[in-house]
Amino acid sequence: MTVTVTLPDGKALTFPHGVTGSDIAAAIGPGLAKAALILEVDGKEWDLFRPLEGDAHIRIITRKDEKSLELIRHDAAHLLAMAVQDLYPGTQVTIGPAIDDGFYYDFARAEPFTPDDLPKIEARMHEIVKEARPTRREVWPRDKAVQHFKDIGESFKAELIASIPSNEDVFIYWHGDWHDLCRGPHFRTTAEIGDAFKLTKIAGAYWRGDAKNAQLQRIYGTAWRDKKELDAYLTRLEEAEKRDHRKLGREMDLFHMQEEAVGQVFWHPNGHTLWRTLENYIRRRVGEAGYNEIKTPLLFDRKLWEQSGHWDTFHQNMFIAEVEDENRTLAVKPMNCPGHIQIFKQGTKSYRELPLRLAEFGSCHRYEPSGALHGIMRVRGFVQDDAHIFCTNDQITDETKSFCELLLRAYRDLGFESVKVKLSTRPEKRIGSDAVWDLAEGSLEKATRAAGLDFTFNPGEGAFYGPKIEFTLTDAIGREWQCGTLQVDFNMPERLGANYIGEDGNKHAPVMLHRAIVGSMERFIGVLIEHYAGKFPLWLAPVQAAVATVVSDADPYAREVVAALKAAGIRTVLDTGNQTVNYKVRQHSLAKTPYLLVLGRREAENRTVTVRKLGVEKQESLALDAAISMLSTEAVPPDLR
RNA sequence: GCCGAUGUAGCGUAGUGGUAGCGCAAUCCCUUGGUAAGGGAUAGGUCGUGAGUUCGAUUCUCACCAUCGGCACCA
C-alpha cells in the first residue's frame with residue numbers, strides 16, 4: 001500500500017503507507033525538514049508526526065507562512081499552561097486559545113497570580129522550549145477522558161469534555177509528560193515555538209464567558225515568528241499608548257474628568273471647539289439629507305419608560321430623579337426614541353408626511369457598570385447624534401440606502417476609509433412577536449443588500465425592539481471602533497401609540513428607523529483623537545494657527561496678523577512670550593498646532609509671515625494676504641469645499 | 001458588578017515608621033533671540049478619603065472612592 005501526495009506545484013510523490021509530514025518534508029529536502037511546522041492535508045491542518053490516512057493534496061507550512069502565527073500562538077498557550085502547572089502545582093487548566101497578536105490561558109487557582117509571577121512563568125516557558133519536549137497525539141473515548149480528568153483533579157477540563165457528545169472520540173495531546181485535551185494540531189516539539197513571545201498581563205475572566213460562573217485567572221501573552229516581529233509589536237503598543245485620548249486630552253487641554261462627576265466629561269475650550277466643529281458638520285450633512293433637528297426633555301415620567309419597555313429591561317441602569325413635593329418618579333433619558341415619538345404624535349400625521357426624519361443631538365445618561373468606564377470612550381453622560389425616521393414598510397429600503405450613503409460619506413470626510421458592517425438579529429430578551437421580527441429582519445437584510453454593503457451576521461445581538469446594522473470603522477493603527485448603527489423597529493411606535501393616516505383612510509403604526517452616524521459624540525471624539533494622534537486636519541483642529549514673535553519689536557505686527565487671521569475665521573493664538581524661537585517652535589509643535597507663523601523684524605517690515613507646517617521643517621515666507629487665503633482654503637470643512 | 005494593580009504639587013516621577021525631594025509647567029528677574037528646551041531666583045503638597053495599630057502613619061492594617069488592565073455588560 002502506498003500514499004500519493006500532491007504538492008502545491010502539482011508535483012506528485014509516492015510514499016509507503018504510514019508516511020508522516022516529517023517524512024515528506026525530509027524527502028523534499030533537509031532545509032524543509034527542519035523548517036516544517038505543520039502539514040496541510042486537503043486544506044486541513046495536520047500534525048507533522050501524524051501518519052497520513054490516504055492520498056491527498058498537501059502543503060507544508062513553515063515559519064515563513066503567515067498561517068504559522070496562529071499555530072505558534074496556540075502552541076505558546078499550551079507552553080504557558082505547562083509552565084504554570086510546573087511552577088504552581090494544583091492550578092487547574094481550562095482553555096487557552098490563540099487570539100489577535102497572541103494568546104491567553106485561563107487558570108483556576110485559589111491564590112491570585114501577581115505581576116511578579118509573569119517573569120518567572122516566562123522564564124520557565126523558555127526552559128521548556130529548550131527542553132524540546134516531544135508532542136504525541138492520542139485518541140480517547142470521551143468517557144475515558146472525562147473520568148481521567150476528574151481523577152487528576154481537572155474538574156473544568158472534565159466539564160468541558162463532558163459537553164462533547166458521548167459517542168465522539170476526543171484528542172489528547174502530550175508534550176513530554178504534560179497533556180491536555182485539544183483539537184490540535186501542534187508542533188513536533190516545544191522547541192519549534194521559538195523565543196519570540198512575552199507574557200503581557202493578568203486578568204480575571206469568567207468560566208465560559210458567563211458572569212454567573214466562577215471567575216478564573218487569565219494570563220495574556222503575545223507570540224510572533226521571530227524577535228523582530230515581537231519588537232515591532234511592542235513598539236506598536238508603545239505608539240498606541242502615545243496616542244491615548246486620555247493622555248492627549250490632557251496635553252492638548254481638550255477635556256478632563258473628575259471624581260465628582262464620574263463618567264462625565266468637562267469639555268475645555270479647545271475640546272469644545274472640536275466638539276462644535278464635528279457637531280456642525282453633522283448638522284449640515286443631516287440637514288441636507290432631509291432631517292429636521294429637534295430638542296427634547298431630559299427627564300421623563302417613569303411611566304413612559306414602562307410603556308416603551310425600557311424600564312423592564314434597563315431600570316437598574318437608569319438615573320432616577322425625584323422631588324420631595326411631587327409623588328412621581330422621573331428618569332433621566334437613557335435614549336431619545338420615546339421623546340421623538342412624542343413629537344411625532346403631535347397632531348394627526350398623514351402618509352404624505354412620511355418619511356419623517358427627526359434628528360437630535362440628544363444628551364443621554366446611563367448608569368454604566370463601573371468596570372465599563374473607559375476615558376471618554378465609554379461614559380455615563382453622553383450625546384448621541386440620534387435620529388429617528390418614521391416611515392412605511394415600503395420606504396425602509398430607500399431610507400436605509402440613503403442613510404448608508406450619508407454615513408459612509410461622513411466617515412470618509414472625517415478620515416476613515418475602511419468600514420465593516422454587521423447585521424445583528426433578534427436577541428433572547430425581546431419584545432414583539434416572531435412574525436414581526438421575521439418582517440423586521442427580512443426588510444433590514446434586504447435593505448442592507450440594496451445599499452450594496454458587504455456584511456456579516458451577528459446572531460442574537462440585536463436591540464430588544466428590533467434588529468440592527470452596526471458600522472465599525474478602522475483607525476490609523478488598525479484598531480476597530482463600532483460607531484454608527486441603524487435599527488429597524490416595528491414595536492416601539494405601536495407601544496407608544498404613534499400612528500398616521502394611510503392612503504386607505506385608516507390608522508397605521510409607522511415603522512421607526514433608529515440611526516446614528518458617530519454614535520456617541522464623546523466616544524467618536526476619543527476615536528478621532530487617537531486616529532489622528534492629536535494631529536487633526538486643519539478644519540477640525542481646535543487651534544489652527546499660532547503666531548509667534550522672534551523679537552518684541554514685532555509684537556504690534558503680530559497682533560495685527562492675529563486679528564486678520566481671526567477675522568478670516570482662523571482659530572489663532574498669539575505667542576509674544578519672552579522665549580527663544582526654538583522654544584516656541586517646540587511648544588507649538590508639541591501642542592500639535594497645524595500652522596506656526598513666525599514673525600520678526602523682516603516680516604514686520606515686508607508685511608509677510610514665515611509659515612511652518614506641523615511636522616515639516618521647511619519654512620515658507622508668504623505675503624500676509626496669501627497666507628490667510630491659503631489657510632482659509634485649507635480650513636474649509638469637507639462638505640463645504 | 002467581578003478579578004488584579006495603582007493613587008505623592010497642574011503634569012511626569014523619587015522616597016521614607018520621626019509630617020517629603022527632583023524635572024517640566026507657573027511667577028519674577030536677566031536675556032530680544034530666526035525654527036524642537038537661553039540663564040537665574042521664587043512660590044506651590046493636610047502624600048485619594050475615612051478609620052485602626054503606634055509615643056508618632058504619606059509609609060503598616062482595614063474599609064470606602066476613583067483610575068488603570070481585563071472579564072461580564074452596552075437600549
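Per chain, numbering begins at 1; letters A, B, ... match sequence-line order.
Take the nearest nucleotide of RNA chain B for A/Arg366 and for A/Gln258: the residue whose nucleotide is more 5' is A/Gln258. Residues A/Gln619 and A/Tyr465 both approach RNA chain B. Their nearest nucleotides, taken by heavy-atom distance, put A/Gln619 toward the 5′ side.
For B/rG4, the OP1/OP2 oxygens have no side-chain nitrogen or oxygen of A/Tyr220 closer than 4.0 Å. Of the side-chain N and O atoms in A/Ser370, one or more sit less than 4.0 angstrom from OP1 or OP2 of B/rG1. Close to B/rA37, at under 4.0 Å from its OP1 or OP2, lies no side-chain N or O of A/Lys584. Not one side-chain nitrogen or oxygen of A/Ser589 sits closer than 4.0 Å to the OP1 or OP2 atom of B/rA36. The shortest distance between the side-chain N/O atoms of A/Asn582 and the OP1/OP2 oxygens of B/rA36 is below 4.0 Å. Between B/rU67 and A/Arg246, no contact under 4.0 Å exists linking OP1 or OP2 to a side-chain N or O. Side-chain N/O atoms of A/Lys201 include none lying less than 4.0 angstrom from OP1 or OP2 on B/rG69.
For the pair A/Asn458 CG and B/rC74 P, the computed distance is 12 Å after rounding to whole Å. In this entry the distance linking NE2 of A/His374 with P of B/rC73 reads 18 Å, nearest Å. In this entry the distance linking CG of A/Asn213 with P of B/rC73 reads 12 Å, nearest Å. For A/Gln579 and B/rC28, the CD to C1' distance is 13 Å, given to the nearest whole Å. Nucleotide B/rG10 holds its P atom 17 Å from the CD atom of A/Glu251, rounded to whole Å. Put simply, CD on A/Gln587 is 13 Å from P on B/rA36, counting in whole angstrom units. Look at CG on A/Leu599: it is 15 Å from C1' on B/rU32, rounded to the nearest Å. Distance CD (A/Gln217) to C1' (B/rG69): 14 Å, rounded to an integer number of Å.
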**Message:** The test is side-chain hydrogen bond (donor to acceptor under 3.5 Å, both in side chains); show your working for A/Thr296 and A/Glu360 and say whether it passes.
**Reply:** CA-CA 8 Å; A/Thr296 59; A/Glu360 177 177 12; 2.7 Å; yes
**Worked check of ring-ring contact (aromatic ring centres under 6.0 Å, His included) between A/Phe103 and A/Tyr105** = CA-CA 7 Å; A/Phe103 60 93; A/Tyr105 209 108; 9.2 Å; no
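Side-chain atoms of A/Tyr206 and base atoms of B/rG1 include a donor and an acceptor less than 3.5 Å apart. For B/rG1, the base has no donor-acceptor partner in the side chain of A/Glu368 [N/O atoms by modelled type, under 3.5 angstrom]. The base of B/rA36 sits within donor-acceptor range of the side chain of A/Arg612, with an N or O pair under 3.5 Å. One N or O donor and one acceptor, one from the side chain of A/Asn578 and one from the base of B/rG33, sit under 3.5 Å apart. Side-chain to base pairing of A/Arg378 with B/rC73: one donor and one acceptor N or O lie within less than 3.5 Å of each other.
Here CZ of A/Phe390 is found 5.0 Å from CE of A/Met512. Values are rounded to the nearest 0.5 Å.
Here A/Thr549 lies out of heavy-atom contact (under 4.0 Å) with every strand. A/Ala203 comes within 4.0 angstrom of a nucleotide base, judged by non-hydrogen atoms across all strands. Backbone-only engagement by A/Gly375 is indicated by non-hydrogen atom pairs under 4.0 Å involving sugar-phosphate atoms exclusively. Counting non-hydrogen atoms under 4.0 angstrom, A/Asn317 reaches a base of the nucleic acid. Across all strands shown, A/Arg602 has heavy atoms under 4.0 Å from base atoms, whether or not it also approaches the sugar-phosphate. Using a 4.0 Å heavy-atom distance criterion, A/Arg250 is classed as a sugar-phosphate-only contact. Contact annotation for A/Pro334: base contact, defined as any heavy-atom pair under 4.0 Å involving a base atom. Within the 4.0 angstrom heavy-atom criterion, base atoms lie near A/Phe314. Among the heavy atoms of the strands lying under 4.0 Å from A/Glu603 is at least one base atom, whether or not backbone atoms are also near. Residue A/Lys613 is out of contact with every strand shown, counting any heavy-atom pair closer than 4.0 Å. Using a 4.0 Å heavy-atom criterion, one finds that A/Gly209 contacts the sugar-phosphate atoms exclusively. Residue contacts for A/Thr313: at a heavy-atom cut-off of 4.0 Å it reaches no nucleic acid atom on any strand shown. Nucleic acid contact class of A/Ala463 (heavy atoms, under 4.0 Å, all strands): sugar-phosphate only.
Both distances falling under 3.5 Å, in either a Watson-Crick or a G-U wobble arrangement, place B/rC24 opposite B/rG10. Across all strands shown, B/rU59 has no partner, as no Watson-Crick or G-U wobble contact with both distances under 3.5 Å is found. Base pairing analysis places B/rU35 opposite nothing; no Watson-Crick or G-U wobble pair with both distances below 3.5 Å involves it. With both pairing distances under 3.5 Å, B/rU53 is matched to nothing as a Watson-Crick or G-U wobble pair. Here B/rA75 sits opposite no nucleotide as a Watson-Crick or G-U wobble pair (both hydrogen-bonding atom distances under 3.5 Å). With both pairing distances under 3.5 Å, B/rU19 is matched to nothing as a Watson-Crick or G-U wobble pair. Pairing partner, B/rG45: none, since no Watson-Crick or wobble contact has both distances short of 3.5 Å.
Nearest nucleotide to the side chain of A/Val581, out of B/rG33, B/rA66, B/rC71: B/rG33. Each of B/rA75, B/rU67, B/rG34 was ranked by its minimum atom distance to the side chain of A/Met335; first place goes to B/rA75. Side-chain proximity of A/Arg586 to the nucleotides B/rC68, B/rA36, B/rA75 is greatest for B/rA36.
Contact check on A/Lys242 versus A/Glu239 returns a salt bridge, with a Lys/Arg side-chain nitrogen under 4.0 Å from an Asp/Glu carboxylate oxygen. Using a 4.0 Å cut-off between charged nitrogen and carboxylate oxygen, A/Arg479 and A/Glu530 count as a salt-bridge pair. The residues A/Arg515 and A/Glu399 are annotated as not salt-bridged, no charged nitrogen and carboxylate oxygen being separated by less than 4.0 angstrom. At a threshold of 4.0 Å, the pair A/Glu241-A/Lys247 does not count as salt-bridged, since none of the basic side-chain nitrogens sits closer than that to a carboxylate oxygen. Using a 4.0 Å cut-off between charged side-chain N and carboxylate O, A/Asp210 and A/Arg208 make no salt bridge.
Comparing B/rG23 with B/rA37, their C1' atoms are spaced 12 Å from each other, to the whole Å. Taking atom P in both B/rA41 and B/rG1, one finds a spacing of 50 Å when rounded to whole Å.
Stacking of the aromatic ring of A/Phe113 onto the base of B/rG4 is not found under the criterion of centres within 5.5 Å and planes under 30°.
A side chain to side chain donor-acceptor pair (under 3.5 Å) with A/Tyr595 holds for exactly one of A/Gln544, A/Arg612, A/Lys613; it is A/Lys613.
Ring centers of A/Tyr88 and A/Phe113: under 6.0 Å apart, within the cut-off.
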